[in-house]
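Residue numbers start at 1 and run along the sequence shown.
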Amino acid sequence: MSKFSLVLPTYNEAPHIKAICRDIIGVLEARNTVFEIIIVDDNSADGTWRLARELSLSDARIRILRRKRRQGLASAVADGWSIANGDILGVMDADFQHPPHTLTAMLDMMSRRDDIDIVIAGRHFSALIMSGLNPLRAVISRLACLFAGILLPRAVTGINDPMSGFFIFRKKVIEASAIKPIGYKVLLEVLVKGSYRRREEILYTFNRRRKGKSKMGILQCAMSCFHMIKLAFLYPPCRNSCF
């Protein structure tokens, strides 16, 4: 049976971390999944890493990687994957905007076919504003996806939400590639650099954040755009077609 390693990058998520781990564990146990949860925390000022350490002491399936300074979401995800023991890797947010129950459908889809190497949980963009997301952020998210389609057509064609932060994939997808994402969007790095056969997408409704503030700002948006341009320059369509 394949083991699933799920990375939760955190920064000031103390109000959510215990509840999200509880819900994820409930979902994965109900599915009889062998798993580990890797919490990568950037030395949160609110003590998220302390709560995560308590969780890890009470449940060996929870691991904590505390980084001494804030280095960003993308590198946190990459660092979590680098220490993962699973054959299937994944990432999701710890603030409940990504519903844990969606993991069941994602893992089931991958288990049904050996040639499915990536399963993406894509947001229903028509429902983003209804979910409570700031209208401007909803528009920016949609424009970012369209921008990705223009710059990286081969990598994102047929994907509704190439900017998703909620996805799973087989570890072998990135074993031969150096994954060094920047900003907040890791999926593009995997789609462009990874070696895979088939990818699938499941649409879900993006939840309203329960507490706290989003970490996404103008700087993060700019970094994501720069990342897309960098990937397009280093991996143009003519080169990608030879993968």
Side-chain angles (χ1 to χ4, degrees), residues 3-29 33-86 88-103 106 121 163-169 171 174 178-190 206-221 223-224 227:
K3 185 174 184 177
F4 177 44
S5 296
L6 180 64
V7 171
L8 299 181
T10 60
Y11 183 73
N12 290 343
E13 297 291 354
H16 309 118
I17 192 63
K18 288 189 175 181
I20 193 69
C21 286
R22 179 196 64 218
D23 286 9
I24 291 170
I25 290 172
V27 167
L28 296 178
E29 284 184 340
T33 304
V34 179
F35 69 91
E36 64 179 357
I37 298 172
I38 302 173
I39 300 168
V40 184
D41 186 76
D42 276 1
N43 204 29
S44 295
D46 70 352
T48 301
W49 61 270
R50 292 190 184 90
L51 297 175
R53 185 173 60 186
E54 291 176 10
L55 291 170
S56 70
L57 292 175
S58 62
D59 191 330
R61 297 171 299 184
I62 299 176
R63 302 168 62 192
I64 170 70
L65 173 60
R66 178 190 176 195
R67 306 197 302 178
K68 295 299 184 180
R69 59 186 178 85
R70 192 175 182 184
Q71 300 174 48
L73 182 144
S75 64
V77 175
D79 283 354
W81 288 339
S82 71
I83 64 170
N85 295 316
I88 299 173
L89 308 181
V91 59
M92 65 182 289
D93 289 347
D95 58 10
F96 282 99
Q97 289 187 306
H98 297 158
H101 66 80
T102 306
L103 288 168
M106 296 166 73
M163 308 301 284
S164 175
F166 188 12
F167 60 96
I168 67 173
F169 61 97
K171 190 174 187 177
I174 62 170
I179 300 298
K180 297 180 179 180
I182 60 175
Y184 270 47
K185 303 304 177 182
V186 186
L187 177 58
L188 284 176
E189 184 95 359
V190 174
F206 194 67
N207 290 332
R208 178 179 298 187
R209 185 180 174 90
R210 294 186 179 181
K211 297 179 181 178
K213 296 181 180 180
S214 170
K215 314 301 189 302
M216 179 62 73
I218 295 176
L219 176 60
Q220 287 72 31
C221 291
M223 290 175 68
S224 294
H227 188 208

Does Arg66 form a side-chain contact (heavy atoms from CB on, under 4.5 Å) with Asp42? I'd like the steps, not just the answer. CA-CA 6 Å; Arg66 178 190 176 195; Asp42 276 1; over 6 Å; no

Sequence neighbours left out, what passes salt bridge (Lys or Arg N to Asp or Glu O under 4.0 Å) with Asp93? Give chain and number order.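 Residues passing salt bridge (Lys or Arg N to Asp or Glu O under 4.0 Å) with Asp93: none at all.
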
Can you give me the closest heavy-atom contact between [X] and [Y], atom names plus distance?
X      : Y      : answer
Lys171 : Gly86  : CD-O, 3.2 Å
Lys68  : Asn43  : O-ND2, 3.1 Å
Pro9   : Val91  : CD-CG2, 4.0 Å
Ile64  : Ser56  : CG2-OG, 3.8 Å
Ile24  : Pro100 : CG1-CB, 4.1 Å

Does some side-chain heavy atom of [Y] sit less than 4.5 Å from a side-chain heavy atom of [X]?
X      : Y      : result
Thr10  : Trp49  : no
Ser164 : His98  : no
Ile25  : Arg61  : yes
Arg63  : Ile39  : no
Val186 : Trp81  : yes
Asp23  : Cys21  : no
Leu6   : Ile38  : no
Phe167 : Val190 : yes

Name the orientation class of the two ring planes belonging to His16 and Phe96 (parallel below 30°, tilted from 30 to 60°, perpendicular beyond 60°).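 Ring orientation of His16 relative to Phe96: perpendicular.
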
side-chain contact (heavy atoms from CB on, under 4.5 Å), that's the test. Do Phe166 and Gln97 meet it? Break it down for me. CA-CA 10 Å; Phe166 188 12; Gln97 289 187 306; over 6 Å; no

Inter-residue atom distance Phe35.CZ - Leu103.CG, 0.5 Å rounding: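 So the gap between those two atoms works out to 10.5 Å.
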
Could you give the distance from CE (Met163) to CG (Leu188), rounded to the nearest 0.5 Å?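 Reported to 0.5 Å precision, the distance equals 5.0 Å.
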
Could you work out, with side-chain contact (heavy atoms from CB on, under 4.5 Å) as the rule, every residue matching Ser44, not counting sequence neighbours?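 Listed in chain order: Tyr11, Asn12, Asp41, Asp46, Thr48.
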
Which residues satisfy the side-chain contact (heavy atoms from CB on, under 4.5 Å) test with Ala78, sequence neighbours excluded?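 If we apply the side-chain contact (heavy atoms from CB on, under 4.5 Å) test to Ala78, skipping adjacent residues, the hits are Pro181.
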
Hey, are Glu13 and Lys18 close enough for a salt bridge, meaning a charged N less than 4.0 Å from a carboxylate O?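 Salt bridge between Glu13 and Lys18, a charged N being under 4.0 Å from a carboxylate O: no.
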
If you apply the rule side-chain contact (heavy atoms from CB on, under 4.5 Å), what do you find for Val7 with Leu89, and how did you get there? CA-CA 8 Å; Val7 171; Leu89 308 181; over 6 Å; no

Quick one: do Asp59 and Ile62 satisfy side-chain contact (heavy atoms from CB on, under 4.5 Å)? Show the steps, please. CA-CA 6 Å; Asp59 191 330; Ile62 299 176; 4.2 Å; yes

